[in-house]
Q: 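Please find one structure pasted underneath; my questions will follow.
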Amino acid sequence: MDKLYKIGEVAKMYNISTSLLRHYEEEGMLVPQYIDDKTHYRYYGNQQLEVLNTICSLRALDISINDIKTYLEGRDIDKIKQMLQSQKVIVKQRINELKKIEKNIDNRLALIDDALSSKINIIEIKNISPCTLAYVENTINPQTYLDLETSIRELEKYHSKSSVYLGKIGISISKEHLIKQQFDKYDRVFMILDKDEYYDGPTLQQDKETCVIMRFRGTHKDAKQHYETLYQYILDNNYTIEGFSKEITYIDEGLTDNVDLYVTEIQIPIKGEKYD
């Protein structure tokens, strides 16, 4: 007779739990060779160990329990090839997804580093690259980042999956309100979409813009005085406002308790003789 192994010995041999062996038994994949009627101890022989080798090998390839179970019901070369080929397709999809996640992580790390090295209260003129904005029309006056949650949930309704929102969510003031110096009348909440990022809701293709830009210590509730500074700068230099503002908080209470590290940026599109 084959040597029989207790369930605990098998679990230790394969570095798995006895509960997992019982689960395989419940699924009909690995039935013990012998169960003691009195003690209910389970014993496994060489045939069961061979099956367990197959299960463990296929699970190491992340093949599902159901697929393994189907394979064990009628093992043949064609079936295992088909199963492995199908799993390879799934793995490639996951690799692509992980590469996108890695890229997002790199982008967010770069954004944090850039925010930490910000020039504060310095007006600059920069060319802003084209981008696509997902948006929700909403009149708000946020005092904390939590005041944007309702609008963010609205944006999420049209999104393929959860996204990393750091540095992507912003609010804007229309050109008309900017010209009237109504710097607390926000009209829109937007999300900057990454390249190839799927979104099924309203979007706006933003062309290349020349903007006056300022970063300051604080959040949206502190922005009004900085709009006033930017507006005066635009007047003093004979520029005209050419579009809605984009106001993005890069570091706020959602990231840190240290208010001295808060960074928010305001962008206002302009036109003038120098920038026609």
Q: Do you know which two heavy atoms are closest between Val263 and Ala115, and how far apart they sit?
A: CG2-O, 3.5 Å
Q: Taking atom CG of Leu49 and atom CG of Leu52, what is their separation to the nearest 0.5 Å?
A: 6.5 Å
Q: Once rounded to the nearest 0.5 Å, what's the spacing between atom CG of Leu261 and atom CG of Leu255?
A: 10.0 Å
Q: Check whether any side-chain N or O of Thr249 sits under 3.5 Å from a backbone N or O of Ile251 as a donor-acceptor pair, and report yes or no.
A: no
Q: Is it true that Tyr43 and Ile55 fall in one hydrophobic cluster, defined by side-chain heavy atoms closer than 4.5 Å?
A: no
Q: Check whether any side-chain heavy atom of Phe183 lies under 4.5 Å from a side-chain heavy atom of Tyr231, and answer yes or no.
A: yes
Q: Checking Asn138 against Ser151: is there a side-chain donor and acceptor pair closer than 3.5 Å?
A: yes
Q: Linking I/L/V/M/F/W/Y whenever any side-chain heavy atoms sit under 4.5 Å apart, do Tyr239 and Ile128 land together?
A: no
Q: Treat each ILVMFWY residue as a node, draw an edge where side-chain heavy atoms are under 4.5 Å apart, and state whether Met29 and Met13 are in one component.
A: yes
Q: Do Ile192 and Ile248 touch side chain to side chain, with heavy atoms closer than 4.5 Å?
A: yes
Q: Supply the atom-to-atom distance Ile35 CD1 to Ile7 CD1, rounded to the nearest 0.5 angstrom.
A: 9.0 Å
Q: Taking Gln232 for its side chain and Thr229 for its backbone only, find out whether a donor-acceptor pair lies under 3.5 Å.
A: no
Q: Please determine if Asp114 and Arg215 form a salt bridge, counting it only when a charged side-chain N lies under 4.0 Å from a carboxylate O.
A: yes
Q: Can we say Glu154 and Lys157 salt-bridge, meaning some charged N sits less than 4.0 Å from an Asp/Glu carboxylate O?
A: yes
Q: Any side-chain heavy atom of Val136 within less than 4.5 Å of one from Arg188?
A: no
Q: For Ile77, does the CD1 atom have more than 12 heavy-atom neighbours from other residues, nucleotides or ligands under 6.0 Å away?
A: no
Q: Do Ile16 and Val31 land in one hydrophobic cluster if side-chain heavy atoms of ILVMFWY residues count as linked below 4.5 Å?
A: no
Q: Determine whether Tyr227 and Glu247 satisfy the following criterion, side-chain hydrogen bond (donor to acceptor under 3.5 Å, both in side chains), listing intermediate values before the conclusion.
A: CA-CA 10 Å; Tyr227 275 100; Glu247 181 183 324; 2.7 Å; yes
Q: Hey, does Gln225 have a side-chain heavy atom less than 4.5 Å from the side chain of Glu228?
A: yes
Q: Can any side-chain N or O of Thr240 pair as donor or acceptor with the backbone N or O of Lys271 at less than 3.5 Å?
A: yes
Q: Any sub-3.5 Å donor-acceptor pair from Asn237's side-chain atoms to Ile234's backbone N or O?
A: no
Q: Is the backbone of Lys69 close enough, under 3.5 Å, to the side chain of Glu27 for a donor and an acceptor to pair up by distance?
A: no
Q: Can you find a side-chain donor-acceptor pair between Tyr14 and Asn53 that sits under 3.5 Å?
A: yes
Q: Does one side chain, of Gln82 or Asp78, offer a donor that lies under 3.5 Å from an acceptor on the other?
A: no
Q: So, Glu265 and Gln267: side-chain donor and acceptor under 3.5 Å apart, yes or no?
A: yes
Q: Can you tell me how far CD1 of Ile173 sits from CZ of Phe244, rounded to the nearest 0.5 angstrom?
A: 12.0 Å
Q: Could you walk me through whether Asp200 and Tyr198 pass the side-chain contact (heavy atoms from CB on, under 4.5 Å) check?
A: CA-CA 7 Å; Asp200 197 35; Tyr198 176 78; 3.5 Å; yes
Q: Could you check Arg217 against Asp260 for side-chain contact (heavy atoms from CB on, under 4.5 Å), going step by step and ending with a plain yes or no?
A: CA-CA 7 Å; Arg217 295 288 184 205; Asp260 294 332; 5.9 Å; no
Q: Shortest non-hydrogen contact from Ser245 to Ile268?
A: CB-CG1, 4.1 Å
Q: Could you please spell out the steps behind the salt bridge (charged side-chain N to carboxylate O under 4.0 Å, His left out) verdict for Glu25 and Arg42?
A: CA-CA 10 Å; Glu25 180 183 348; Arg42 285 159 167 74; 2.7 Å; yes
Q: Answer with yes or no whether the side chains of Asp67 and Ser64 bring together a donor and an acceptor at under 3.5 Å.
A: yes
Q: How close do Phe216 and Asn121 get, heavy atom to heavy atom, and via which atoms?
A: CB-OD1, 3.5 Å
Q: Can you confirm whether the side chains of His220 and Thr264 place a donor and an acceptor under 3.5 Å from each other?
A: no
Q: For residues Lys6 and Thr18, determine if any side-chain heavy atom of one lies less than 4.5 Å from a side-chain heavy atom of the other.
A: no
Q: Under 4.0 Å between a Lys/Arg side-chain N and an Asp/Glu carboxylate O for Glu209 and Lys246?
A: yes
Q: What do the steps show when you test Ile68 against Arg59 for side-chain contact (heavy atoms from CB on, under 4.5 Å), and what is the final call?
A: CA-CA 8 Å; Ile68 296 174; Arg59 286 298 293 143; 3.5 Å; yes
Q: Between Ala11 and Ser17, which heavy-atom pair has the shortest distance, and what is it?
A: CB-C, 4.1 Å
Q: Roughly how far apart are Lys224 NZ and Gln182 CD, rounded to 0.5 Å?
A: 10.0 Å
Q: Is there a path of hydrophobic side-chain contacts, each under 4.5 Å between heavy atoms of I/L/V/M/F/W/Y residues, joining Leu84 to Ile90?
A: no
Q: Given side-chain contact (heavy atoms from CB on, under 4.5 Å), test Arg75 with Leu72 step by step and report yes or no.
A: CA-CA 5 Å; Arg75 294 188 287 180; Leu72 291 175; 3.9 Å; yes
Q: With a 4.5 Å heavy-atom cut-off, do Tyr44 and Gln33 have their side chains touching?
A: no
Q: Can you name the nearest heavy-atom pair linking His226 to Asp222, along with the distance?
A: CD2-O, 3.2 Å
Q: Between Tyr262 and Asp252, which heavy-atom pair has the shortest distance, and what is it?
A: CE1-C, 3.4 Å
Q: Test your reading of the model: is there a side-chain donor-acceptor pair from Thr256 to the backbone of Asn258, 3.5 Å cut-off?
A: yes
Q: Between Ser172 and Tyr186, do the side chains contain an N or O donor and an N or O acceptor separated by less than 3.5 Å?
A: no
Q: Is any side-chain heavy atom of Phe190 closer than 4.5 Å to one of Lys168?
A: no
Q: A side-chain contact here means heavy atoms from C-beta on lying under 4.5 Å apart; do Met83 and Leu58 qualify?
A: yes
Q: If you apply the rule side-chain hydrogen bond (donor to acceptor under 3.5 Å, both in side chains), what do you find for Thr210 with Asn127, and how did you get there?
A: CA-CA 4 Å; Thr210 299; Asn127 290 322; 2.9 Å; yes
Q: Nearest 0.5 Å, what's the OG-OH distance between Ser118 and Tyr250?
A: 8.5 Å
Q: Passes salt bridge (charged side-chain N to carboxylate O under 4.0 Å, His left out), Arg153 versus Glu149? Steps please.
A: CA-CA 6 Å; Arg153 299 292 83 78; Glu149 286 301 306; 2.4 Å; yes
Q: Decide yes or no on salt bridge (charged side-chain N to carboxylate O under 4.0 Å, His left out) for Asp62 and Lys88, but give the supporting numbers first.
A: CA-CA 10 Å; Asp62 206 26; Lys88 184 178 179 180; over 6 Å; no
